[in-house]
Amino acid sequence: MTIRLYDTATREVRDFVPLQEGKAGLYVCGLTVQSEPHVGHVRSAVNFDVLQRWLRFRGYEVTFIRNVTDIDDKILLKAAEQGRPWYNLAYAMRIELDRAYAALNVAPPTYEPAATGHIPEMIVLIEELIARGHAYAAADASGDVYFDVRSWPQYGELTHQGIDDMEPAADADPRGKRDPRDFALWKGWKQESEPETAAWPSPWGPGRPGWHIECSAMAGKYLGPAFDIHGGGVDLRFPHHENEQAQSRAAGRPFASYWMHNAWITTAGEKMSKSLGNTLSIPAVLQRYRGAELRFYMVAAHYRSHVEFSFEALDEAAAGYKRIETFLGRVGPMAGATWDLPDAFAAEMDDDLGTPAAVAVLYDTVREGNRRLAAGEDAFEQAAHVHGMLEVLGLHPADRAWAAGAGANDAEERLRAAVDALVAGLLEERAEARAAKDWSRADTIRDRIKAAGIEVTDTPDGPAWTVS
RNA sequence: GGUGGGUUGGCCGAGAGGCGAGGCAACGGACUGCAAAUCCGUGUACACGGGUUCAAAUCCCGUACCCACCUCCA
């Protein structure tokens with residue numbers, strides 16, 4: 001069965017045909033590291049992590065590049081406000097971002113290049129564009145270099161827009177532009193307002209790269225002039241992706257075969273954007289929910305569907321995830337068992353990563369497994385399927401990533417062992433009371449344990465406790 | 001002005017011409033000393049108005065409302 005993916009450029013679901021058989025080259029726009037990551041940012045990472053995992057499961061050798069934009073206007077501005085070097089802010093936020101990825105079990109990409117590490121590659125690309133007549137150095141003394149939109153007739157092909165239909169950017173400084181839609185490939189150093197550390201030498205004088213050029217340069221370096229899939233959030237379609245494609249193709253590089261865009265998570269109907277300030281940071285959410293629960297919430301919605309974030313919906317997802325965990329717990333360890341996937345699940349995943357329907361298969365399997373257990377039959381086949389499905393979605397409860405994200409450590413382990421020993425003593429007393437059918441005494445003991453914040457439940461294998 | 005997306009039962013969230021995805025909640029039942037967990041059952045939902053069709057949530061026309069992008073944004 002072939003994988004089918006929705007391609008923004010053609011606006012249809014197409015069979016995925018890689019450039020090289022058995023291999024998949026994937027480039028995803030990562031973040032500008034300028035503030036704490038919020039749930040919206042992480043959705044993109046989770047969505048493309050699922051894509052990566054699915055491609056691998058289907059046997060592709062995946063090269064996955066996700067960049068980090070570590071120099072731009074916002075970083076310079078915020079760092080100046082905070083009175084610290086821009087590179088210090090960018091680096092600190094990058095560490096935060098890595099933590100968020102780890103907490104959500106987002107697998108590291110093959111490589112994660114940073115813009116500031118690829119200035120020479122960008123300069124080469126800009127020189128190529130100038131040589132081909134698609135870019136020009138501004139006539140003024142700014143040191144800026146612009147892409148010449150009018151020189152590239154296909155401009156607008158990705159987002160199906162005509163140049164003349166576009167609203168000219170009202171607030172953009174026309175400076176030395178020939179056309180208001182021309183965009184900066186290189187920004188000359190503004191000596192009076194920008195730190196010298198944010199300027200790199202170039203044939204056009206000191207300066208820094210424009211926003212779009214980094215992705216073209218880095219995708220070219222690590223994936224080659226033509227590669228399979230380019231991804232990012234919907235807002236990036238224009239201008240970012242349109243410009244990336246224009247400058248790459250104008251330089252003679254075919255660029256991406258497929259374009260994939262994930263939809264937003266919004267709060268109160270508004271997009272969760274740094275500039276709106278209504279962020280919901282990952283560390284804050286992880287105070288209340290486990291990383292696996294948050295990831296499950298995201299995976300249960302389709303990547304192209306807009307999601308209105310709510311804690312109620314997240315609660316539901318968490319309840320559902322616990323139900324799956326409970327089933328696995330009932331079946332118990334399955335040493336040596338082979339995990340595999342139900343065909344229906346694989347078919348849904350092949351169809352443009354149909355995770356909602358795939359999750360429905362997961363629930364169906366859990367219900368069938370529970371039904372068999374209730375009937376006194378074994379549920380090993382169902383459990384093997386559930387293990388397999390969770391694994392490929394990056395949601396396996398036993399994944400070590402969760403423990404790392406939750407910050408479990410030796411002290412917690414020892415505490416848990418101590419509590420277990422104390423509770424075990426009380427549970428023994430309760431067992432005696434129950435054996436004597438002294439229900440009031442048994443319930444009194446249970447209530448005392450509950451008052452300490454620990455929930456006791458009776459299972460076929462005896463009583464179990466969890467922190468409530 | 002241009003380009004795209006959306007409106008589904010109490011809630012979340014799929015589907016894209018014909019048998020009620022799935023989950024959460026609720027109610028009834030089974031099991032359990034009681035709980036919990038689990039299972040079984042219970043819902044005639046698709047913004048509105050027309051149309052096409054034997055058959056429309058799904059296709060067509062129109063209307064309303066919402067959102068995104070065209071400016072930094074996952």
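In this text, all values refer to a predicted model and were calculated from it rather than measured experimentally. A, B, ... follow the sequence lines: proteins, then strands. Residue 1 opens every chain.
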Expressed in angstrom and rounded to an integer, what is the separation of [X] atom [atom1] from [N] atom [atom2]?
X	N	atom1	atom2	value
A:Tyr297	B:rA14	OH	P	10 Å
A:Asn262	B:rG6	CG	P	16 Å
A:Glu368	B:rC40	CD	P	9 Å
A:Leu31	B:rA74	CG	C1'	6 Å
A:Tyr321	B:rG22	OH	C1'	18 Å
A:His306	B:rA14	NE2	P	11 Å

Would A:Trp439 count as stacked on B:rG33 if the rule is ring centres under 5.5 Å and plane angle under 30°?
yes

Using only side-chain N and O atoms of A:Arg11, determine if any of them is under 4.0 Å from OP1 or OP2 of B:rG4.
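Affirmative; the distance criterion is met.
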
In Watson-Crick or G-U wobble terms, both distances under 3.5 Å, what is the partner of B:rA21?
none

Taking any strand in view, what nucleotide pairs with B:rU52 in a Watson-Crick or G-U wobble way, both distances under 3.5 Å?
none

Taking A:Arg181 first and then A:Asp179, would you say they form a salt bridge - that is, a charged N and a carboxylate O separated by under 4.0 Å?
yes

Hydrogens and angles aside, do A:Tyr222 and A:His118 bring a side-chain donor and acceptor to less than 3.5 Å of each other?
yes

Using only heavy-atom distances, determine whether the side chains of A:Tyr101 and A:Asp49 contain a donor-acceptor pair under 3.5 Å.
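A:Tyr101 vs A:Asp49: no donor-acceptor pair found between side chains.
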
Donor-acceptor pair present, A:Arg446 side chain and B:rC34 base, under 3.5 Å:
yes

Can you say whether a donor on the side chain of A:Asp315 sits under 3.5 Å from an acceptor on the base of B:rC24, or the other way round?
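A donor-acceptor contact between them is absent.
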
Base, sugar-phosphate, or nothing for A:Asp73, non-hydrogen atoms under 4.0 angstrom?
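Since no nucleic acid heavy atom lies under 4.0 Å of A:Asp73, the category is nothing.
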
Return whichever of A:Ala317 or A:Asp443 has its heavy-atom-nearest nucleotide of RNA chain B closer to the 5' end.
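Of the two residues, A:Ala317 wins.
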
